[in-house]
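Because the structure is predicted, anything quoted here is derived from the model rather than measured.
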Amino acid sequence: MHDTEEALFRTVHGIAGRFAGQPVPVVMDALLRHLPKAPGLEVTEIRKIAEEISVGRDPSGL
């Protein structure tokens, strides 16, 4: 499970670096295309992550 979580955080971090400040739908599309499948990861949570990235924050914590 730890490997999946690390992959999620690294993916979010990479997308945050590339898509910071972009509109939520653009960030959401990138997240949906690149995030590894993980149990319990819901679309509503991905949207919250996209909203954070859209305003320039990196929610990965990395």
(request) Could you tell me whether the side chain of Val12 reaches within less than 4.5 Å of the side chain of Ile49, counting heavy atoms only? (result) yes

(request) Before accepting this row, confirm whether a basic side-chain N of the pair Glu52/Lys48 lies closer than 4.0 Å to the acidic partner's carboxylate O. (result) no

(request) State plainly whether one hydrophobic cluster holds both Val24 and Val43, where clusters connect Ile, Leu, Val, Met, Phe, Trp and Tyr through side-chain heavy atoms under 4.5 angstrom apart. (result) no

(request) Kindly work out whether a path of hydrophobic side-chain contacts (I/L/V/M/F/W/Y, heavy atoms less than 4.5 Å apart) joins Val55 to Val26. (result) no

(message) How long is the straight-line distance from NZ of Lys37 back to CG of Leu8, given to the nearest 0.5 Å?
(response) 11.0 Å

(request) Check the pair Ile46 / Glu42 against side chain to side chain contact (heavy atoms under 4.5 Å, CB included), numbers first and verdict last. (result) CA-CA 6 Å; Ile46 295 171; Glu42 303 289 333; over 6 Å; no

(message) If I take atom CZ from residue Arg33 and atom CG from residue Asp29, how far apart are they, to the nearest 0.5 angstrom?
(response) 4.5 Å

(message) With a 4.5 Å cut-off on side-chain heavy-atom distances among I, L, V, M, F, W and Y, is there a chain of contacts connecting Phe9 to Leu35?
(response) no

(request) Grab the two heavy atoms, one from Pro36 and one from Ala7, that are nearest each other, plus how far apart they are. (result) CG-CB, 4.0 Å

(message) With rounding to the nearest 0.5 angstrom, report the CZ to CE distance, Phe19 to Met28.
(response) 13.5 Å

(request) Determine the minimum heavy-atom distance between Val27 and Gln22, stating which atoms define it. (result) CG2-O, 3.8 Å

(message) Could you measure the distance from the CD1 atom of Ile53 to the NE2 atom of His13? Nearest 0.5 Å is fine.
(response) 10.5 Å

(request) Using the side chain to side chain contact (heavy atoms under 4.5 Å, CB included) rule, take Leu31 and Arg47 through it: C-alpha gap first, then chi angles, then the decisive distance, then the call. (result) CA-CA 9 Å; Leu31 288 168; Arg47 172 136 183 119; over 6 Å; no

(message) Can you tell me how far apart CD (Glu6) and OG1 (Thr11) are? Round to the nearest 0.5 Å.
(response) 10.0 Å

